[in-house]
Engineer: 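Handing you this structure, nothing more for now.
Keep in mind the model is a prediction, meaning the values are calculated, not measured.
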Amino acid sequence: MANINLRPWREEKREQEQQEFLVVCVAALIAGAVVWFAVHGVMQGRIDKQDGRNTYLKAETSKLDEKIAAVRDLQKRRQELVERMELIQNLQGNRPVIVRVFDGITRSVPDDLYLGEIKKTGKSMAIKGYSEANSQIAELMRNFDAAEWFTKPVLIDVSASKDPANPYSEFTMTVQEVTPKTEGEDEEDAS
């Protein structure tokens with residue numbers, strides 16, 4: 001006898017295939033969600049790590065900016081101190097010059113010649129004075145020319161006194177002030 005299957009096997013097979021399809025869809029959906037969360041977590045971790053790096057770099061940059069500002073301030077203060085030191089050294093170096101200039105003037109003035117006014121403008125000095133004879137004025141000019149602190153004496157004017165009781169002649173002259181070279185400077189110039 002022949003077996004006849006009266007069960008609705010086609011419907012059962014269709015239901016089974018539908019269930020398998022739903023299981024595969026749910027599994028794919030779950031797998032997709034797991035992959036999405038994993039990728040999202042990894043990417044968010046990288047973003048957070050990079051944000052941390054950026055924050056660290058910004059903090060370090062601001063620290064370096066502060067240090068750079070401090071260094072610039074120190075350089076500015078150093079430059080100011082160097083300028084002050086140079087000014088003080090120049091003042092200390094030029095301090096005895098005026099004393100030596102006046103000493104040179106007193107050594108250059110011959111007897112019976114009197115200086116009435118000395119006016120200094122830069123390195124040039126205008127001198128007004130009185131003498132009994134023109135030879136004393138000439139001697140003064142020779143003395144200035146021979147002195148180490150003076151050069152280029154120039155006689156501008158000599159006028160005799162109009163008063164017969166006053167035997168002095170009034171004269172005006174200019175002379176240039178120079179700083180004599182030291183022995184070390186002479187050797188450097190020769191080489």
Engineer: Of all heavy-atom pairs between Arg142 and Ser135, which one has the smallest distance, and what is that distance?
Structural biologist: NH2-O, 4.4 Å
Engineer: Could I get the full list of side-chain contact (heavy atoms from CB on, under 4.5 Å) partners for Glu170, not counting sequence neighbours?
Structural biologist: Tyr130, Ser159
Engineer: Suppose we screen for side-chain hydrogen bond (donor to acceptor under 3.5 Å, both in side chains). Which residues come up paired with Glu12, at least two apart in sequence or across chains?
Structural biologist: Arg7
Engineer: Taking atom CD1 of Ile47 and atom CG of Asn54, what is their separation to the nearest 0.5 Å?
Structural biologist: 11.5 Å
Engineer: According to side-chain hydrogen bond (donor to acceptor under 3.5 Å, both in side chains), who are the partners of Asp48, at least two apart in sequence or on a separate chain?
Structural biologist: Gln44
Engineer: Measuring from Gln50:CD to Thr55:OG1, what's the distance to the nearest 0.5 Å?
Structural biologist: 10.0 Å
Engineer: Going by salt bridge (charged side-chain N to carboxylate O under 4.0 Å, His left out), name the pairs with one or both residues in residues 60-71, residues two or more places apart or in two chains.
Structural biologist: Glu60-Lys63
Engineer: Could you state the interatomic distance from CZ (Phe21) to CD (Gln18), rounded to the nearest 0.5 Å?
Structural biologist: 9.0 Å
Engineer: For the atom pair NZ (Lys152) and CE (Met173), what is the distance rounded to the nearest 0.5 Å?
Structural biologist: 14.0 Å
Engineer: Give the minimum heavy-atom separation between Leu57 and Thr61, together with the two atoms involved.
Structural biologist: O-OG1, 2.6 Å
Engineer: Pair up each side-chain donor or acceptor in residues 71-79 with any protein partner under 3.5 Å, not counting sequence neighbours, and list the distances.
Structural biologist:
| unit_1 | atom_1 | unit_2 | atom_2 | d |
| --- | --- | --- | --- | --- |
| Gln79 | NE2 | Glu83 | OE2 | 3.4 |

Engineer: According to side-chain hydrogen bond (donor to acceptor under 3.5 Å, both in side chains), who are the partners of Lys128, at least two apart in sequence or on a separate chain?
Structural biologist: none
